[in-house]
Number of protein chains: 2
Amino acid sequence: MASQAGPAGASKATTLTDVARLAGVSIATASKALNGRAQVKAETRARVIDAAERLQFSPNALARGLLAGRSGTVGLITSDLEGRFSIPVLMGAEDAFGSGQTSVFLCDARGDAIREQHHVRALLSRRVDGLIVVGARPDPRPPLAAEVPIPVVYAYAPSEDPGDVSIVSDNVGGGRMAVEHLVACGRQRIAHISGDPTYGAAHDRERGALEALGEAGLALAGGRAYYGSWSEAWGRGATRMLLERDPDVDAIFAGSDQIARGVLDALHEAGRDVPGDVAVIGFDNWEVLATNARPPLTSVDINLEHLGRVAAQRLFAAIDGSTRSGTESLPCRVVARGSTTPLD
Amino acid sequence: MASQAGPAGASKATTLTDVARLAGVSIATASKALNGRAQVKAETRARVIDAAERLQFSPNALARGLLAGRSGTVGLITSDLEGRFSIPVLMGAEDAFGSGQTSVFLCDARGDAIREQHHVRALLSRRVDGLIVVGARPDPRPPLAAEVPIPVVYAYAPSEDPGDVSIVSDNVGGGRMAVEHLVACGRQRIAHISGDPTYGAAHDRERGALEALGEAGLALAGGRAYYGSWSEAWGRGATRMLLERDPDVDAIFAGSDQIARGVLDALHEAGRDVPGDVAVIGFDNWEVLATNARPPLTSVDINLEHLGRVAAQRLFAAIDGSTRSGTESLPCRVVARGSTTPLD
DNA sequence: CACGTACCCGAAAAGGCTTTCTGAATCTAT
DNA sequence: ATAGATTCAGAAAGCCTTTTCGGGTACGTG
């Protein structure tokens, strides 16, 4: 009873004609019966539906799409090798596209503009109804090279063209939240260790953090934000520097969870208790890193799934004719874990 | 000059008819010219190609698929929330499907059989030419619920039905390699800390390890393999237990990179030098964990991208009528890093 | 009894492309 | 010069579905 994939070609799939024949009606009637159109007697409709089921009829979406002028598919182009960002976005999008109505082509451009271009062409040829472009890093990226005749939504990384539709997470707000959380935990001497300084998002997070600090009447511990790279090693190194410069620090806001892991490591090594002596908060809420840390890492969640859902909604709206454009920032949220337990 | 997505519907895409008209030939001739068919004079062909370019013609894959009976698409159904496994597999598959010829629908079933079923139906309706099913864990999984009329290849997790086509990584071989590597590094007292004992793959890895140990005339340090969960916390705890039971251990083979991270942590805490006193090897070669570890973690790579490539090839073969079936194991490879430097 | 009105159903066109088959024109050979 | 062989272009069928529109039946009404 295994799948009976006939060699080369398989036995023709059952078509509406087959159903109509079995039900003893015309294909037009069969179509209307199956699609819930009105002009069919209840009894006839039942007969058709029964026939369709018996034959395991599944309408040919290609033919349908050809006729309708829209395929019911969208393309999702990513450059995110790890799938760290794309998969949640994809899942959110799948959610939003009420299951079954829309399917998603996932293409990985691997950061290569040529390959991206190529995928766009292929997808256009498949008549996707829209495109979601997920960038490799949160900074603005050049818009798609080709002029495409279908709606495009940029997710995670906005398009450089403000006339495009972009959905990103609010890095400023996220930075603010991180500090507000630390302040709420009673911290006063808060430092910030971030990553690659070429990332605009990193500076956004710092800006949010500074705003929140200012409002709390505090200054950045360590004198300034520490920029380096998005690695644990940098987190460790920067923490060591920081402890030397400002031994009284009682909280560290890390620019990513990877950095936060390094921070935790270095603090541990220096004999500082977390969160007793120093509280630590990360960014991204990458579960596998955050939950396995010791102690479990509080982190700012950038809500990728939601981002995907919103991107899909905006794409849908655009497909249906909405003409809204611009960059939309989605709020982050703090997921509190053991690394920032409030002081007693 | 932004994309000019007309509200609802956009201006009709250019069709072969347009090209034919501009070139002053019939659509039949235009088709033949563009597809490299023989019966067209060189000069006519050039004229058609020129017209197609001028009009930015891109053939409607829906129409083509409708006619050809195959859509040039495949479905990839996964349940791997993180995308940890699916994305590399997808990339491998994309590679194998010589770019442009085949596009991939990616669907996430989220471990839910109902949702999986649903996706299968949707994909069938879209007339995908084949299906790749990527499991959530490496153990055998039930075959697709529905009887599908197209070829299916199971990747990462094999189907329980030996009559299906499955591509998996060779866990026994991987376990063997891990130990062989440690032995090659001069280690004699090798322990094994693995994860969730309900994972058959974990036992496969142990089996391979035991084989290699036997051939080297060694026994497992710690008396037996330690099973627990796939977490850093377990890696730490098990290491502490191990050190108590068998303080002379000079190498630890961890069942996953996450566990290995915990192992490194605990060893560090216990004052053992890695790799000086104890060498550590992980499994999966999850870059973000392995390269950021201190020291960088040697790990057994399960070659997911290759797995995806092979899966795609097998699927292609099946689509073209090949009838081969059964489970195929792909070899792993050791990626040596700082945690296992040979003893001097 | 003739006619209007619902109510159902079916014929046919459309959507864009490929392919086969036919036909016309050019060329070769006798 | 004419029969036969090539070469190239076009007409048309077909893939599968949806939808419009016209026709048929049954029924109620004047």
Side-chain angles (χ1 to χ4, degrees), chain A residues 9-49 51-52 55-73 101 124-129 149, chain B residues 9-49 51-52 55-73 122 124-129 149:
Chain A
S11 52
K12 287 257 159 287
T14 74
T15 144
L16 191 57
T17 310
D18 304 329
V19 176
R21 183 170 25 231
L22 180 56
V25 299
S26 75
I27 56 168
T29 304
S31 172
K32 283 180 285 197
L34 293 176
N35 292 314
R37 290 263 156 287
Q39 310 163 323
V40 182
K41 209 197 315 187
E43 184 258 324
T44 310
R45 186 188 305 277
R47 203 148 32 97
V48 173
I49 291 178
L55 263 42
Q56 297 214 56
F57 172 70
S58 134
N60 187 327
L62 268 47
R64 195 191 293 231
L66 179 58
L67 194 56
R70 59 165 62 182
S71 60
T73 61
Q101 297 307 335
L124 249 27
S125 175
R126 298 206 179 279
R127 296 299 186 266
V128 293
D129 298 329
Chain B
S11 52
K12 288 257 159 290
T14 73
T15 139
L16 191 56
T17 310
D18 303 330
V19 176
R21 184 170 24 232
L22 179 57
V25 299
S26 73
I27 58 167
T29 304
S31 171
K32 283 181 285 198
L34 292 176
N35 293 313
R37 291 261 156 289
Q39 309 163 324
V40 182
K41 210 198 314 188
E43 184 257 326
T44 310
R45 185 186 306 276
R47 203 149 30 97
V48 173
I49 290 178
L55 264 41
Q56 297 214 60
F57 172 70
S58 133
N60 186 326
L62 267 47
R64 186 182 287 192
L66 180 57
L67 192 57
R70 59 165 63 182
S71 61
T73 61
L124 248 28
S125 175
R126 297 205 181 278
R127 296 299 186 266
V128 294
D129 298 330

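Below, all heavy atoms of this structure are taken into account, side chains as well, without hydrogens, waters or symmetry copies. These numbers were taken from a predicted model, which means no experiment stands behind them. So you know, we letter chains A, B, ... as the sequences are listed, proteins then strands, and number each from 1.
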>> Nearest whole Å is fine: how far is dT18(C) P from Asn60(B) CG?
In response: 10 Å
> What pair of heavy atoms forms the shortest contact from Arg37(A) to Arg45(A), and how long is it?
Replying inline: O-NH2, 2.6 Å
> If you look at every strand shown and take non-hydrogen atoms under 4.0 Å, does Leu62(B) touch a base, only sugar-phosphate, or nothing?
Replying inline: nothing
> To the side chain of Lys41(B), which of dC8(D), dT18(C), dT18(D) is closest?
Replying inline: dC8(D)
> Closest nucleotide of DNA chain D for Phe57(A) versus for Ser26(B): which of these residues is on the 5' side?
Replying inline: Ser26(B)
> Which of the following nucleotides, dT19(D), dA9(D), dC9(C), is nearest to the side chain of Thr29(A)?
Replying inline: dC9(C)
> Is Thr15(A) touching bases, backbone alone, or none of the nucleic acid, heavy atoms closer than 4.0 Å?
Replying inline: sugar-phosphate
> Between atom CZ of Arg21(B) and atom OG1 of Thr15(B), what is the distance when rounded to the nearest 0.5 Å?
Replying inline: 8.5 Å
> Taking OP1 and OP2 of dT19(D), is either one under 4.0 Å from a side-chain nitrogen or oxygen of Arg37(A)?
Replying inline: yes
> Which nucleotide in the set dC8(D), dT19(D), dT17(D) lies at the smallest distance from any side-chain heavy atom of Arg64(A)?
Replying inline: dT17(D)
> What nucleotide among dC17(C), dT17(D), dA9(D) has an atom nearest to a side-chain atom of Ala63(A)?
Replying inline: dT17(D)
>> Nearest to the side chain of Ala28(B), heavy atoms from C-beta on, is which of dA11(C), dG10(D), dA9(D)?
In response: dG10(D)
> How long is the span from the CZ atom in Arg70(B) to the CG atom in Asp129(B), to the nearest 0.5 Å?
Replying inline: 5.5 Å
>> In this structure, how many angstroms lie between the P atom of dT17(D) and the CZ atom of Arg127(B), rounded?
In response: 7 Å
>> Side chain of Leu66(B) only, heavy atoms from C-beta on: which candidate in dC15(D), dC9(C), dT19(D) is closest?
In response: dC15(D)
>> Closest-nucleotide mapping onto DNA chain D: is Arg45(B) or Ser58(A) further toward the 5' terminus? I mean the 5' end.
In response: Arg45(B)
> Could you give the CZ-to-C1' distance, from Arg70(A) to dT17(D), as a whole number of Å?
Replying inline: 17 Å
> Which heavy-atom pair separates Ala33(B) from Val40(B) by the least distance, and what is that distance?
Replying inline: N-CG2, 3.9 Å
> Rounded to whole angstroms, how far apart are CD on Gln39(B) and C1' on dG10(D)?
Replying inline: 11 Å
>> What's the closest nucleotide to the side chain of Pro59(B) if the choices are dG10(C), dC17(C), dA9(D)?
In response: dC17(C)
> From the list dG10(D), dC15(D), dT20(D), which nucleotide is the closest neighbour of the side chain of Lys32(A)?
Replying inline: dT20(D)
> Roughly, in whole Å, what's the span from CG in Leu67(A) to P in dT17(D)?
Replying inline: 11 Å
> dT17(D) P sits how many Å from Arg126(B) CZ, rounded?
Replying inline: 14 Å
> Is there a side-chain polar atom (N or O) of Ser31(A) under 4.0 Å from OP1 or OP2 of dT19(D)?
Replying inline: no
> Taking atom P of dA9(D) as reference, at what distance in whole Å does atom CG of Leu34(B) sit?
Replying inline: 13 Å
> Phosphate oxygens OP1/OP2 of dT18(C): is one of them under 4.0 Å from a side-chain N or O of Asn35(B)?
Replying inline: yes
>> Among Asp18(A), Leu34(A), Leu22(A), Ile49(A), which residue satisfies the side chain to side chain contact (heavy atoms under 4.5 Å, CB included) criterion with Phe57(A)?
In response: Leu34(A)
> Taking atom NZ of Lys32(B) and atom OG1 of Thr44(B), what is their separation to the nearest 0.5 Å?
Replying inline: 11.0 Å
> With respect to the side chain of Leu16(A), which nucleotide from dT17(D), dC9(C), dG16(C) is positioned closest?
Replying inline: dT17(D)
